[in-house]
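Comments concern the structure below.
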Amino acid sequence: MTGSLFQEQLRSKNFEPRFYAYYYKQWNNYRMNYHDHDSTEIMYIISGMCRVDVQMPDGSEEQTLLKKGQFILIDAGVPHRLIVEDGAACRMLNVEFGFAISASSALSQSSIRQLALEEEEVQQFLQHACAYLVLPDPEEVYYIMKSLVLELDQRGLSEQGRSFQPMRVIPQEERWEHREARNLKALDQGILVRTLFIQLLIRVARLRGEMSRSASDQTELYVKRTVEFMHQNMDRNIQMKDIAAAVNLHPGYLHRIFRQYTQRTPTDYLTMLRMEKAKMLLQQTDIPISEISDYVGVGSRQYFHMLFKKYTSLTPVAFRSSKDRHVSHYPIDPMEE
């Protein structure tokens, strides 16, 4: 059992949350070393801004800038570091949590498994693991986290007041071990803490769902604009950089989302449009074959012939001869006479 929010056991057995660290912190001119936790971590930016670098499972590094009203969720075991530039103070609310098997069957109704069964968006969220997640918040997550930390603080003071045993300081050499390995016990943190965690998890899951739907809608819009630009400019010698500039995207990003949405690369799609246009012009006009390439933006006639045969298995001459034609007559270029 780990502290990961995305482990399958959470959806098959009755587990409840255990909060291990929770605090407010003002960061100034700070650069943290890469580290990871055996728990899931949420950093909420109350004011200012900061940068979080994350080492991905494939060894690459991703950087994300966070500003007021955003939060980052980092899964257990993911190396990361916090960087706050000089003159750009950042205040945040931080919580770290793992999971423990529910102590009694009565608690199963508030378990993560039961929540996932009842809330489809939570189920979807838990099934789609990610190293980290950045989300904007209309302050709902912040208010839940504030209430959660306040309740944990108050319960901690209450427990301390009933106990005459001094709090144990964890030796440095033990701090790298998993919490269960070093026997760091967390007492039942109470029904209000569990309830607030359920609210937190539901809100995060819904925010992620909203972001995914928004991203999907945005992707569809970019793809539609790209296709429109291709239709309107296929007669020109346009390249990928021209298409990307027309829709204000980086060429690499446009290539990726276009392929995900259409199952074709932008270049393949543009070639398809050009060849379909060439078929129409060959079948329904008397435009000389030698000029068709100019109408579809393929500058080289030899290259046009090669593309057309690859696309239709026929040469332009053979294609025109094989079809019943409804011809629109165009003026003959004097150079063709």
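Along the sequence shown, the residues carry numbers beginning at 1.
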- Non-hydrogen atoms of Ser300 and Ser293 that approach each other most closely: O-CB, 4.4 Å
- Query: Quick one: OG on Ser212 to NE2 on His128, what's the gap to the nearest 0.5 Å?
  - Reply: 8.5 Å
- Message: Take a 6.0 Å sphere around CG of Asp217 and say whether it holds more than 12 heavy atoms from other residues, nucleotides or ligands.
- Response: yes
- In plain terms, say whether Glu119 and Arg113 are close enough for a salt bridge, that is, a side-chain N and a carboxylate O under 4.0 Å apart. no
- Message: Any non-hydrogen side-chain atom of Tyr44 less than 4.5 Å from a side-chain atom of Val95?
- Response: no
- Is Leu73 linked to Ile198 within one hydrophobic cluster, defined over Ile, Leu, Val, Met, Phe, Trp and Tyr using a side-chain heavy-atom separation of less than 4.5 Å? yes
- Query: What distance separates Leu314 CG from Arg320 CZ, expressed to the nearest 0.5 Å?
  - Reply: 13.5 Å
- Note on the structure: In this structure, CG of Leu281 is separated from CG of Asp286 (nearest 0.5 Å) by 11.0 Å
- Do we see a donor-acceptor contact under 3.5 Å between the side chains of Gln114 and Glu118? yes
- Task: Return the minimal non-hydrogen interatomic distance between Arg301 and Ser290, and the atom names on each side.
- Result: NE-O, 2.8 Å
- Query: Does any donor atom in the side chain of Thr271 or Asp268 lie under 3.5 Å from an acceptor atom in the other side chain?
  - Reply: no
- Task: Report the distance from atom OH of Tyr303 to atom CE of Met306, rounding to the nearest 0.5 Å.
- Result: 5.0 Å
- Message: Tell me if a side-chain donor or acceptor on Thr226 pairs with a main-chain N or O of Tyr222 at a distance below 3.5 Å.
- Response: yes
- Does Tyr132 reach the side chain of Val52, with side-chain heavy atoms less than 4.5 Å apart? no
- Checking Ser214 side chain against Glu210 main chain: does a donor-acceptor pair fall under 3.5 Å? no
- May I ask whether Ile83 and Val54 are part of the same hydrophobic cluster, defined by side-chain heavy atoms of I, L, V, M, F, W, Y residues being less than 4.5 angstrom apart, directly or through others? no
- Answer with yes or no whether the side chains of Glu120 and Gln124 bring together a donor and an acceptor at under 3.5 Å. yes
- Query: Can any side-chain N or O of Thr40 pair as donor or acceptor with the backbone N or O of Gly3 at less than 3.5 Å?
  - Reply: yes
- State plainly whether one hydrophobic cluster holds both Phe197 and Leu192, where clusters connect Ile, Leu, Val, Met, Phe, Trp and Tyr through side-chain heavy atoms under 4.5 angstrom apart. yes
- Message: Can a donor-acceptor pair be found, under 3.5 Å and without considering hydrogens, that links the side chain of Asp242 to the backbone of Ala245?
- Response: no
- Query: With no hydrogens and no angle check, is any side-chain donor or acceptor of Glu140 less than 3.5 Å from a backbone partner on Asp137?
  - Reply: no
- Item | Any donor-acceptor N/O pair, Ser322 side chain to Phe319 backbone, under 3.5 Å | yes
- Task: Report yes if some heavy atom in the side chain of Leu148 is under 4.5 Å from a heavy atom in the side chain of Phe19; otherwise report no.
- Result: yes
- Message: Please say yes or no: joined through hydrophobic side-chain contacts below 4.5 Å, possibly via intermediate residues, are Met92 and Ile42 part of one cluster?
- Response: no
- Message: Please find the pair of heavy atoms, one from Asp36 and one from Gly77, that lie closest to each other, and give the distance.
- Response: CB-C, 3.8 Å
- Query: Does a side chain donor of either Glu41 or Asn94 reach within less than 3.5 Å of an acceptor in the other side chain?
  - Reply: yes
- Message: Side chains of Glu276 and Tyr311: any donor to acceptor distance under 3.5 Å?
- Response: yes
- Message: Please report the interatomic distance CG(Leu133) to CE(Met211), rounded to the nearest 0.5 Å.
- Response: 5.0 Å
- Quick one: closest heavy-atom pair of Arg236 and Arg274, and the distance? O-NH2, 2.8 Å
- Message: Could you tell me if the side chain of His35 sits less than 4.5 Å from the side chain of Pro79, heavy atoms only?
- Response: no
- Task: Kindly state each residue pair satisfying side-chain hydrogen bond (donor to acceptor under 3.5 Å, both in side chains) with at least one member in residues 243-253, sequence neighbours excluded.
- Result: none
- Message: So does Glu151 get a backbone contact from the side chain of Gln154, meaning a donor-acceptor N/O pair under 3.5 Å?
- Response: no
- Item | Salt-bridge criterion met for Lys224 and Glu220 (N-O under 4.0 Å) | yes
- Are Asp86 and Asn28 side-chain neighbours, meaning at least one heavy-atom pair lies under 4.5 Å? no
- Query: Looking at Phe6 versus Phe125, is the centre-to-centre ring distance below 6.0 Å?
  - Reply: yes
- Task: Without swapping roles, check the side chain of His80 against the backbone of Val78 for a donor-acceptor pair under 3.5 Å.
- Result: yes
- Arg259 atom CZ, neighbour heavy-atom count above 12 within 6.0 Å: no
- Would you please say whether a donor-acceptor pair under 3.5 Å links the side chains of Asn14 and Ser102? no
- Task: Would you please test Glu139 and Tyr143 for side chain to side chain contact (heavy atoms under 4.5 Å, CB included) and show each step?
- Result: CA-CA 6 Å; Glu139 295 196 337; Tyr143 286 122; 3.4 Å; yes
- Determine whether more than 12 heavy atoms belonging to other residues, nucleotides or ligands lie under 6.0 Å from atom CD of Gln302. no
- Find the distance between OG1 (Thr64) and CD1 (Ile72) and round it off to the nearest 0.5 Å. 5.5 Å
- Task: Evaluate whether atom NZ of Lys146 has more than 12 neighbouring non-hydrogen atoms of other residues, nucleotides or ligands under 6.0 angstrom away.
- Result: yes
- Message: Does Glu96 form a side chain to side chain contact (heavy atoms under 4.5 Å, CB included) with Tyr23? I'd like the steps, not just the answer.
- Response: CA-CA 9 Å; Glu96 297 175 26; Tyr23 53 86; 4.2 Å; yes
- Task: Output every pair passing salt bridge (Lys or Arg N to Asp or Glu O under 4.0 Å) with a member in residues 61-82, not counting sequence neighbours, ordered by first then second residue.
- Result: Asp53-Arg81
- Task: Evaluate the side-chain proximity of Gln123 to Leu115: yes if any heavy-atom separation is below 4.5 Å, no if none is.
- Result: no
- Going by heavy atoms in the side chains, are Leu150 and Ser147 under 4.5 Å from each other? no
- Item | Minimum heavy-atom distance Cys90-Met49, with the two atoms named | CB-O, 3.3 Å
- State yes or no: do Leu273 and Ile238 share one hydrophobic cluster built from I, L, V, M, F, W and Y residues joined by side-chain heavy-atom distances below 4.5 Å, directly or via other members? yes
- Message: Run the side chain to side chain contact (heavy atoms under 4.5 Å, CB included) test on Asn29 and Val84 for me, step by step, so that the C-alpha distance in whole Å, both residues' side-chain angles and the decisive distance to 0.1 Å come before the verdict.
- Response: CA-CA 5 Å; Asn29 191 21; Val84 181; over 6 Å; no
- Message: Quick check on the 6.0 Å ring-centre criterion: do Tyr20 and Phe97 meet it?
- Response: no
- Item | Minimum heavy-atom distance between Met240 and Pro251, given as atom pair plus value | CE-O, 3.6 Å
- Around Arg11, counting heavy atoms of other residues, nucleotides and ligands shown, do more than 12 lie under 6.0 Å from its CZ? yes
- Item | pair Lys277-Asp235: side-chain heavy atoms closer than 4.5 Å | no
- Query: Stepwise, does the side chain to side chain contact (heavy atoms under 4.5 Å, CB included) test hold for Met32 with Trp27?
  - Reply: CA-CA 11 Å; Met32 188 180 289; Trp27 301 97; 4.1 Å; yes
- When the ring planes of Phe308 and Phe304 are compared, do they come out parallel, tilted or perpendicular, using 30° and 60° as the limits? tilted
